[in-house]
Amino acid sequence: MDTKQITVIGLGQMGTRLAELLLTQDYSVSVWNRTRSKADAIAGVKVIENLEEAVRQSPLVVICVLDYEAVHRIFDDIKDKSALTGKTFINFTTGDPQEAEQLEATLATLNAGYINGAIQVAPDQMGLPETTIIVSGKQEHFELSRRTLLVFGGNIKYLGDRAALASAMDLATLTWLYGSYTGLIHGIILSQKSGLSLSAFSEILGEITPGFTEFFKHQIGVVEKGDFTISQSPLSISVAATQRIHNAFRNASTQPAFIKTISDLLQKAESQGLADQELAALVKVVE
């Protein structure tokens, strides 16, 4: 496969960045976007107005659009499905595992390869040695795509043959991200209500985050082993801590719903007799 010839479909901020990175590595890049002006703004690409022709241009096609509904519209608009035969598609569109499985099965019937990808950074962080990109799909298609994927990021995490795996990992990491971010916003509010400097809050967070990352990894290991004997943090300590946090938010006349949810979850774990187990035993309440 001549992977130096590539088509990019979808030119939002991320899709545009992908095309730009390919150009820096001397790829011949064809692009298609529903709004032509976005394609015209990228110097050095070959703008293709006809979607089917854009797919025919290259053995490797990268898709990066809003959602899987948009992906399906793209494939529905290709009337001659023979244009898909023999192509390998790398799809960076965020979706759930079921959507990825369905698209993988559809493309397999057309003798087309499918790599499902999940980008873990913002556009301006793409193309760096530390940029993490999660992918899954048949090994043969991954090997055909590997060199191109490394243009987008140096830390490629291949999870296995099932296309759904990258989507599942993406949603798992996003669950952690949005939960942490919501906690961050609440921490900002509590800092402001308490008269704390936000710059000091930011500095301290930066200093303690590496240690907590190791703690989180330890907790994942506890769940993986299935041994909830106390090793670092008894669940009982967090029951009391989250109740104090909840009280602090109520006393500060601040919206306590998010904190109450956490506190209630830990109290439920305590009521189920998990207080004298490692904090990771909370998984038994959530599953």
Side-chain angles (χ1 to χ4, degrees), residues 1-96 99-100 102-104 106-107 110 112-128 131 133-135 137 141 144-145 147-153 163 166-167 170:
M1 176 184 286
D2 177 17
T3 52
K4 280 288 187 176
Q5 174 66 47
I6 192 165
T7 292
V8 177
I9 295 176
L11 296 174
Q13 285 185 307
M14 185 61 77
T16 295
R17 181 61 177 152
L18 298 178
E20 291 171 343
L21 286 169
L22 290 165
L23 289 169
T24 67
Q25 298 300 312
D26 299 322
Y27 278 72
S28 176
V29 183
S30 299
V31 299
W32 180 88
N33 194 69
R34 292 194 185 276
T35 305
R36 165 76 189 239
S37 59
K38 290 186 177 181
D40 289 333
I42 308 173
V45 299
K46 182 179 181 181
V47 182
I48 310 296
E49 293 195 23
N50 180 273
L51 175 59
E52 185 177 312
E53 179 57 28
V55 171
R56 291 187 184 278
Q57 287 283 313
S58 311
L60 189 60
V61 180
V62 174
I63 302 175
C64 188
V65 292
L66 178 62
D67 53 27
Y68 266 72
E69 183 178 344
V71 173
H72 288 303
R73 284 201 302 271
I74 286 168
F75 285 112
D76 288 344
D77 287 347
I78 299 173
K79 302 307 178 185
D80 183 359
K81 298 301 191 236
S82 68
L84 308 179
T85 301
K87 308 292 183 181
T88 295
F89 292 87
I90 302 174
N91 184 24
F92 286 126
T93 303
T94 300
D96 64 44
E99 290 174 315
Q102 292 168 2
L103 184 55
E104 180 183 37
T106 298
L107 289 174
L110 299 168
Y114 183 51
I115 293 296
N116 185 27
I119 295 171
Q120 301 293 288
V121 299
D124 62 356
Q125 297 171 303
M126 293 295 293
L128 303 176
T131 298
I133 298 176
I134 298 167
V135 296
H141 303 307
L144 289 171
S145 309
R147 182 171 67 168
T148 299
L149 289 167
L150 286 170
V151 173
F152 303 142
S167 291
D170 188 35

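Because only heavy atoms are used, hydrogens play no part in the values below, and waters and symmetry mates are left out as well, while side chains stay in.
Checking side-chain atoms of T24 against main-chain N and O of L21 turns up a donor-acceptor pair under 3.5 Å. A donor-acceptor pair is defined here as one N or O able to donate and one able to accept, closer than 3.5 Å; no such pair exists between the side chain of T7 and the backbone of Q57. Remark: the backbone N or O of E99 is not paired with any side-chain donor or acceptor of Q102 at under 3.5 angstrom. K38 places no side-chain N or O within donor-acceptor distance of the main-chain N or O of G10, the cut-off being under 3.5 Å. Distance alone, capped at 3.5 Å, is enough to place a donor-acceptor pair between the T16 side chain and the L11 backbone.
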Between V55 and I9, does the side-chain contact (heavy atoms from CB on, under 4.5 Å) criterion hold? Intermediate values first, please. CA-CA 9 Å; V55 171; I9 295 176; 4.0 Å; yes
Step by step, work out the side-chain contact (heavy atoms from CB on, under 4.5 Å) result for H141 and L107. CA-CA 12 Å; H141 303 307; L107 289 174; over 6 Å; no
Take Q120 and D170 through the test side-chain contact (heavy atoms from CB on, under 4.5 Å) and record every step on the way to the result. CA-CA 8 Å; Q120 301 293 288; D170 188 35; 3.0 Å; yes
Would you sort out whether E104 and N116 count as a side-chain contact (heavy atoms from CB on, under 4.5 Å), showing the intermediate values? CA-CA 8 Å; E104 180 183 37; N116 185 27; over 6 Å; no
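The distance from the OG1 atom of T148 to the CD1 atom of I90 is 6.0 Å, given to the nearest 0.5 Å.
Using a 4.0 Å cut-off between a side-chain N of Lys or Arg and a carboxylate O of Asp or Glu, E52 and K79 do not qualify as a salt bridge.
When all heavy atoms of G44 and L23 are compared, the closest pair comes out as O-CD2, 3.6 Å. Summarising the geometry of K81 relative to L110, their closest heavy-atom pair is CB-CD2, 3.9 Å, with the distance given to 0.1 Å.
For the side-chain contact (heavy atoms from CB on, under 4.5 Å) criterion with I74, the lone passing option out of V61, T93, L51 is L51.
The ring-ring contact (aromatic ring centres under 6.0 Å, His included) test applied to F92 returns F152, not counting sequence neighbours. With sequence neighbours left out, S28 forms a side-chain hydrogen bond (donor to acceptor under 3.5 Å, both in side chains) with Q5.
At most 12 heavy atoms of other shown residues, nucleotides or ligands fall within 6.0 angstrom of atom CD in Q13.
Residue pairs meeting the ring pair (Phe, Tyr, Trp, His ring centres under 6.0 Å) criterion with at least one partner in residues 43-80, sequence neighbours excluded, are F75-F89.
Within the 4.5 Å cutoff, the side chain of R17 has no heavy atoms near those of the I119 side chain.
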